[in-house]
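These notes concern the structure reproduced below.
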Amino acid sequence: MTSPVLVVHGGAGGHNDELTERLSEYREALVGALEAGGRALRDGREAIEAVQAAVMAMEDFPLFNAGHGATLCDDGEVELSASAMRGSDRAAGAVAVVRRTRNPVAAAAAMLDEPEVLLAGDRADAFAAARGLEQRDPSEFVTERQRRRLSTRHAGDGGTVGAVCLDGRGLLAAATSTGGLQGQRRGRVGDSPVIGAGTWADRQVAVSCTGKGEAFVRAGAARLLGALVAHGVGLENAARTVLDEVAQCGGEGGLIVVDARGQVALPFSTEAMPRGVWRPGEPPVVEIP
Ligand code: ASP
């Protein structure tokens, strides 16, 4: 048996006033996500179910850029994407540009059983509905807060959510969920639902990334981290190297990673990245710089 660990992030971005003013809400949301994932582990569920539970909790929190309250596209609509990966067999699932599925990460996790990895658009929502996942009218994801941010061109990036976990059996898993970048063109897909870019898990590491998606895609960020660790690079160094590579591709951001020994690294190159760590028998540790 290994000692489990669960890590979550609430997106790399600028240090805006809201983070300070609504600090206790952010804190509660991160603790809630860690507790949801921790409960799943205590109930004997696997790492993949723990990351799904943690990310679902964050998707339901309207200040994060995922699920209800996600950032808006240039025309004021919400388009959501998510992915999940199980390290033991590299099963991977993702959905992109969904508009009705309340918890996109649950749809991504449902894709783990399918022969395809990624479904997009209406068909991804239809798949989620057929799997019994709650559907909402697209307008219900739009919040007044995000309307204001779009109309004032508030520097509003950040808030994407993710989780990585090592469970008591030594299994690793990762999941990421986002509404993308504020004001993005309709139909844009960033790194979050792209396996190997925003999310990766194998037998040695589980990774969830956040930041300027195009740079993470071009860097092959999450997979690169797995490859570096597999070739003997230490976790911190590997994580820093990945962010350097992302910077060379013109982007900044952050990531969370856990390895098979339970070591974690949570670096970011932006001003802020809310994040938290849960280990059994210890109070959840949350940092909102
Ligand atoms: N990586 C996400 C995207 O590019 C956004 C973010 O992490 O803030 O869609």
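Each ligand, and each atom within it, is numbered from 1 in the order the structure gives.
- Nearest-residue assignment for atom 5 (C) of ligand 1 (options Ser81, Gly179, Gly211, Ala66; heavy-atom criterion): Gly211.
- Considering backbone and side-chain atoms alike, Thr160 places an N or O below 3.5 Å from some N or O of ligand 1.
- Scanning all heavy atoms of the two residues, the minimum distance from Val97 to Val189 falls at CG2-CG2, 3.7 Å.
- Those atoms of ligand 1 with a heavy atom of Thr210 less than 4.0 angstrom away are 6 (C), 7 (O), 8 (O).
- Applying the 6.0 Å contact sphere to CZ of Arg145 captures more than 12 heavy atoms from other residues, nucleotides or ligands.
- Between Glu46 and the options Leu171, Val51, Leu172, a side chain to side chain contact (heavy atoms under 4.5 Å, CB included) holds for only Leu171.
- Within the 4.0 Å heavy-atom shell around ligand 1 one does not find Gly11.
- With sequence neighbours excluded, the residues forming a salt bridge (Lys or Arg N to Asp or Glu O under 4.0 Å) with Arg131 are Asp113, Glu114, listed by chain and number.
- Between Ala94 and Ser83, the shortest heavy-atom contact is CB-CB, 3.8 Å.
- In terms of polar-atom proximity, defined here as any N/O pair under 3.5 Å, Asp191 does make such a contact with ligand 1.
- The shortest N or O to N or O distance between Cys209 and ligand 1 is not under 3.5 Å.
- The number of heavy-atom neighbours closer than 6.0 Å to CD of Glu28, taken from other residues, nucleotides and ligands shown, is 12 or below.
- When only interatomic distances are considered, the shortest N/O to N/O separation between Gly159 and ligand 1 does not fall below 3.5 Å.
- For ligand 1, the polar-atom distance check against Gln184 finds no nitrogen or oxygen pair separated by under 3.5 Å.
- The environment of CG in Asp122 is sparse: at most 12 heavy-atom neighbours from other residues, nucleotides or ligands sit within 6.0 Å.
- Polar contact with ligand 1: present for Arg188 (N/O pair, distance under 3.5 Å).
- Ligand-side atoms of ligand 1 in range of Ser192: 1 (N), 2 (C), range being under 4.0 angstrom from any heavy atom.
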